[in-house]
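Okay, so here's the structure we're looking at.
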Amino acid sequence: METRLIVAGDAPVLAALHVAGFPDAPWSHTQISGSLSLPTTTGLLAYENETPLGFILCQMAGDESEILTFCTAPAARRRGIGNALLAQALHAARAQGIMRMFLDVAADNAAALALYEKNGFRPIGKRKNYYPRAHGAVDAVMLEKTW
Ligand SMILES: CC(C)(COP(=O)(O)OP(=O)(O)OC[C@H]1O[C@@H](n2cnc3c(N)ncnc32)[C@H](O)[C@@H]1OP(=O)(O)O)[C@@H](O)C(=O)NCCC(=O)NCCS
């Protein structure tokens with residue numbers, strides 16, 4: 001598995017990965033293109049033999065960076081790809097002078113919560129009923145990592 005910086009032309013690839021990662025709330029190609037067009041957006045794509053496996057997209061503001069979205073292709077999970085993307089995004093952020101990384105994650109997303117905890121993120125708050133679900137809304141857990 002290798003990673004590289006995301007470029008504007010990756011929008012269709014990211015949209016395909018996103019719909020597989022977030023089938024209930026996928027970002028459209030237009031949303032992704034819009035995000036990639038901002039100079040403050042940065043991201044990493046993981047791939048193997050030219051097959052895209054996952055990506056992470058962050059938005060920088062001053063010395064902070066927000067993880068906008070992050071997913072691994074369903075068939076490629078539990079192989080360390082998510083961990084590698086997150087660790088590399090943290091490393092790149094530090095190198096760019098970022099001092100804090102933060103994000104929202106659904107309270108029922110055990111996989112992501114475990115991954116963030118493993119990488120030193122800690123909960124700093126909740127947004128009640130933030131993510132709609134068929135059975136009722138789920139809270140967002142706000143996480144941050146500072147250094
Ligand atoms: C969350 C996600 C990105 C993890 O990607 P991944 O490539 O499978 O992650 P990794 O293989 O690097 O796993 C790293 C660690 O995360 C945790 N983890 C990952 N998947 C898990 C699961 N299904 N259940 C519990 N813990 C899990 C474990 O601690 C794991 O370490 P281990 O394999 O040594 O136990 C992936 O499940 C995904 O794309 N989910 C859908 C989209 C999503 O929820 N994105 C995050 C939104 S904030």
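Atom set for the values below is all heavy atoms of this structure, side chains included, hydrogens, waters and symmetry mates excluded. Residues: numbered from 1 along the sequence shown. Just follow the structure's listing: the first ligand is 1, and inside any ligand the first atom is 1.
Listed by number with element, the atoms of ligand 1 under 4.0 angstrom from any heavy atom of Gly21 are 41 (C), 42 (C). Heavy-atom contacts of Cys71 reach the following atoms of ligand 1: 39 (O), 42 (C) (cutoff under 4.0 Å). Numbered from 1 in the order shown, with element, the atoms of ligand 1 that lie under 4.0 Å from a heavy atom of Arg79 read 11 (O). The contact set between ligand 1 and Leu115, taken as ligand atoms under 4.0 Å from a residue heavy atom, comprises 4 (C), 14 (C), 15 (C), 16 (O), 17 (C). Residue contact check: Gly80 has heavy atoms under 4.0 Å from atoms 10 (P), 11 (O), 12 (O) of ligand 1. Which parts of ligand 1 touch Arg77 is read off a 4.0 Å heavy-atom cut-off, strictly below it: atoms 8 (O), 36 (C), 37 (O), 38 (C), 39 (O), 40 (N), 41 (C).
In this structure, atom 39 (O) of ligand 1 lies nearest to the protein heavy atom Thr72 N, 2.8 Å. The shortest contact between atom 46 (C) of ligand 1 and any protein heavy atom is with Phe70 O, 3.4 Å. Closest protein heavy atom to atom 25 (C) of ligand 1: Arg78 NH1, 3.8 Å. Nearest non-hydrogen protein atom to atom 26 (N) of ligand 1 is Ala114 CB, 3.7 Å.
Proximity annotation for atom 30 (C) of ligand 1: of His18, Lys118, Met1, Glu117, Lys118 comes nearest, heavy atoms only. The option from Ala140, Gly54, Gly82, Ala73 that lies nearest to atom 9 (O) of ligand 1, judged by heavy atoms, is Gly82.
A side-chain hydrogen bond (donor to acceptor under 3.5 Å, both in side chains) check over residues 42-52, counting only residues at least two apart or in different chains, returns the pairs Glu48-Arg79.
When all heavy atoms of Ile98 and Gly62 are compared, the pair lying nearest together is CD1-O, 3.7 Å. Between Ala107 and Leu113, the shortest heavy-atom distance links the atoms O-CD1, 3.6 Å. Summarising the geometry of Cys71 relative to Phe22, their closest heavy-atom pair is CB-CE1, 3.9 Å, with the distance given to 0.1 Å.
Leu115 and Leu103 fall within the same hydrophobic cluster, defined by Ile, Leu, Val, Met, Phe, Trp and Tyr side-chain heavy atoms under 4.5 Å apart, directly or through other members.
Put simply, atom 13 (O) of ligand 1 has no protein non-hydrogen atoms near it, under 4.0 Å away.
Residues Met99 and Glu64 form no side-chain contact, since every pair of their non-hydrogen atoms from C-beta on lies 4.5 Å or further apart.
Between Phe55 and His18, the ring planes are tilted. Angles from 30° to 60° get that label.
When atom types are taken as modelled, the side chain of Gln88 and the backbone of Leu85 share no donor-acceptor pair closer than 3.5 angstrom.
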